[in-house]
S.K.: 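The structure is given below, and queries will be raised subsequently.
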Amino acid sequence: MGIAGLLPALKPIQLTRHLSHFSGQTIAVDAYVWLHKGIYACATDLATGKPTHKYVDYAMHRVRLLRYHNIEPYIVFDGGPLPAKRGTEVSRKQARDEYLARGNALAAQGRHSDARECYVKCADVTPQMAYQLIKALRAENVSYIVAPYEADAQLAYLERIGLADGILTEDSDLLVYGCRTVLFKLDTNAATVVSVSRKDFGAIAFPSSEISLVGWSDVQFRAMAILSGCDYLPSIPGIGLKTACTLLRKWKTVNQVVKVLLLEGKKSVPKDYLKRFEMAEKCFLHQRVYCPLSEQLVHLADINGEEWNDEYDAYVGR
DNA sequence: GGTCGGTCTACAT
DNA sequence: TAGACCGACC
């Protein structure tokens, strides 16, 4: 889900660029996006168990498109669920099962296009699908990696250590992880992407944007994102992106912001909010990723003398 | 004015 | 499923 409202707020620095702009570069790609979109081409087949590899074709078509423009893709797959995020999976599975049953019922009545709508809703990217894509990638010598946990952190790591020059995804979270160049909305017909560069953050200012990032460090930007609500921590009710930005501009740090909110007493701040904020920050900073150079698990960013303990490891992955 | 929940829609062929 | 969009509500 990413950071609600962040991409629209970054509109002033979004650049639509032709793929040739990235010629000679390696772009790390979130495989989930392609697999998920590829489902639309074959939702009925997947739901009814009919063998299909259309979703593989869909992804490979994009791989070839990038290569045609002399971009080397580096495909990143999700791994296991992060301890920090466990919990939402069960209800989703139930919802999917219901759509599958409804789809089957409609199909039995011959209402095939109605059935297809249900099949699309029950479709899920499975490890088996990821494996099929991996086989196709291998056959064409495309680099890929399976993240120990979340693809987002792994993508950020590849860019950080220089194995990728940018990230192709649909998720604004990548900017919170610290990525320098994030590409969104690949248009295969026009061969374009929407590019957002971290170095342009300073140009985000009132009144052309809802928020101002002028003079902000990564710490403050990340604080705003987490404060406004992210995958690791829901926001304090009533605080969205703009309020988070305003509060941080005024009070500088999250500690101060929370202190002021408690003093005012208008918002209901969860009692352990600061602690949970800290944990969310750890996920964005130090989530466990795989280093293809040293061939071992590492933290996204090194822990340089920062306080660290077993509880953190349990949260960001081991 | 800003948040938030609801609804619509693209996703691909 | 997620993002964009819109209207209700504080």
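All chains are named by letter (A, B, ...) in the order of the sequence lines, taking the proteins before the strands, and each is independently numbered beginning at 1. It should be emphasised that the depicted structure is a prediction, and the values quoted were computed from it without experimental measurement.
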S.K.: Does a side-chain heavy-atom distance below 4.5 Å link A:Gln287 with A:Gln154?
M.R.: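 Heavy-atom side-chain distance check fails, nothing below 4.5 Å.
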S.K.: I want to check one thing: is the phosphate of B:dA12, taken as OP1 and OP2, less than 4.0 Å away from some side-chain N or O of A:Arg62?
M.R.: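 A:Arg62 to B:dA12 OP1/OP2: side-chain N or O found under 4.0 Å.
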S.K.: What nucleotide, of B:dG2, C:dT1, B:dC11, holds the atom closest to the side chain of A:Tyr40?
M.R.: B:dC11
S.K.: In whole angstroms, how far is the C1' atom of B:dT9 from the CD atom of A:Glu117?
M.R.: 11 Å
S.K.: Counting side-chain heavy atoms from C-beta on, which of B:dC4, C:dA4, B:dT13 comes nearest to A:Ala41?
M.R.: B:dT13
S.K.: Hey, is the side chain of A:Lys242 poking within less than 4.0 Å of OP1 or OP2 on B:dG2, counting only N and O atoms?
M.R.: yes
S.K.: For the salt bridge (Lys or Arg N to Asp or Glu O under 4.0 Å) test, which of A:Glu311, A:Glu306, A:Glu307 pairs with A:Lys282?
M.R.: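 The residue from A:Glu311, A:Glu306, A:Glu307 that satisfies salt bridge (Lys or Arg N to Asp or Glu O under 4.0 Å) with A:Lys282 turns out to be A:Glu306.
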S.K.: Is any side-chain heavy atom of A:Cys118 closer than 4.5 Å to one of A:Leu106?
M.R.: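 In contact.
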S.K.: Quick one: does A:Ile167's side chain get under 4.5 Å of A:Leu183's, heavy atoms only?
M.R.: no
S.K.: At under 4.0 Å between heavy atoms, what does A:Glu210 touch on the DNA or RNA strands: base, sugar-phosphate, or nothing?
M.R.: nothing
S.K.: A:Gly5 or A:Tyr99: which one's nearest nucleotide on DNA chain C is closer to the 5' end?
M.R.: A:Tyr99
S.K.: Looking at the side chain of A:Thr243, which of B:dC4, B:dA12, B:dT3 is the nearest nucleotide?
M.R.: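 Selected nucleotide: B:dT3.
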S.K.: Starting at CD1 of A:Ile39 and ending at C1' of B:dT13, how long is that distance when rounded to a whole Å?
M.R.: 15 Å
S.K.: Would you mind telling me which of B:dG2, C:dA4, B:dA12 lies closest to the side-chain atoms of A:Lys185?
M.R.: C:dA4
S.K.: From the options C:dT1, B:dA12, C:dA4, select the nucleotide whose nearest atom is closest to the side chain of A:Arg96.
M.R.: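 The listed nucleotide nearest to A:Arg96's side chain is C:dT1.
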S.K.: Could you tell me the separation between the CG atom of A:Leu247 and the C1' atom of B:dG1, rounded to a whole number of Å?
M.R.: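 The distance from CG of A:Leu247 to C1' of B:dG1 comes to 14 Å, rounded to the nearest Å.
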S.K.: Kindly say if A:Arg116 contacts the phosphate of B:dA12, meaning a side-chain N or O under 4.0 Å from OP1 or OP2.
M.R.: no
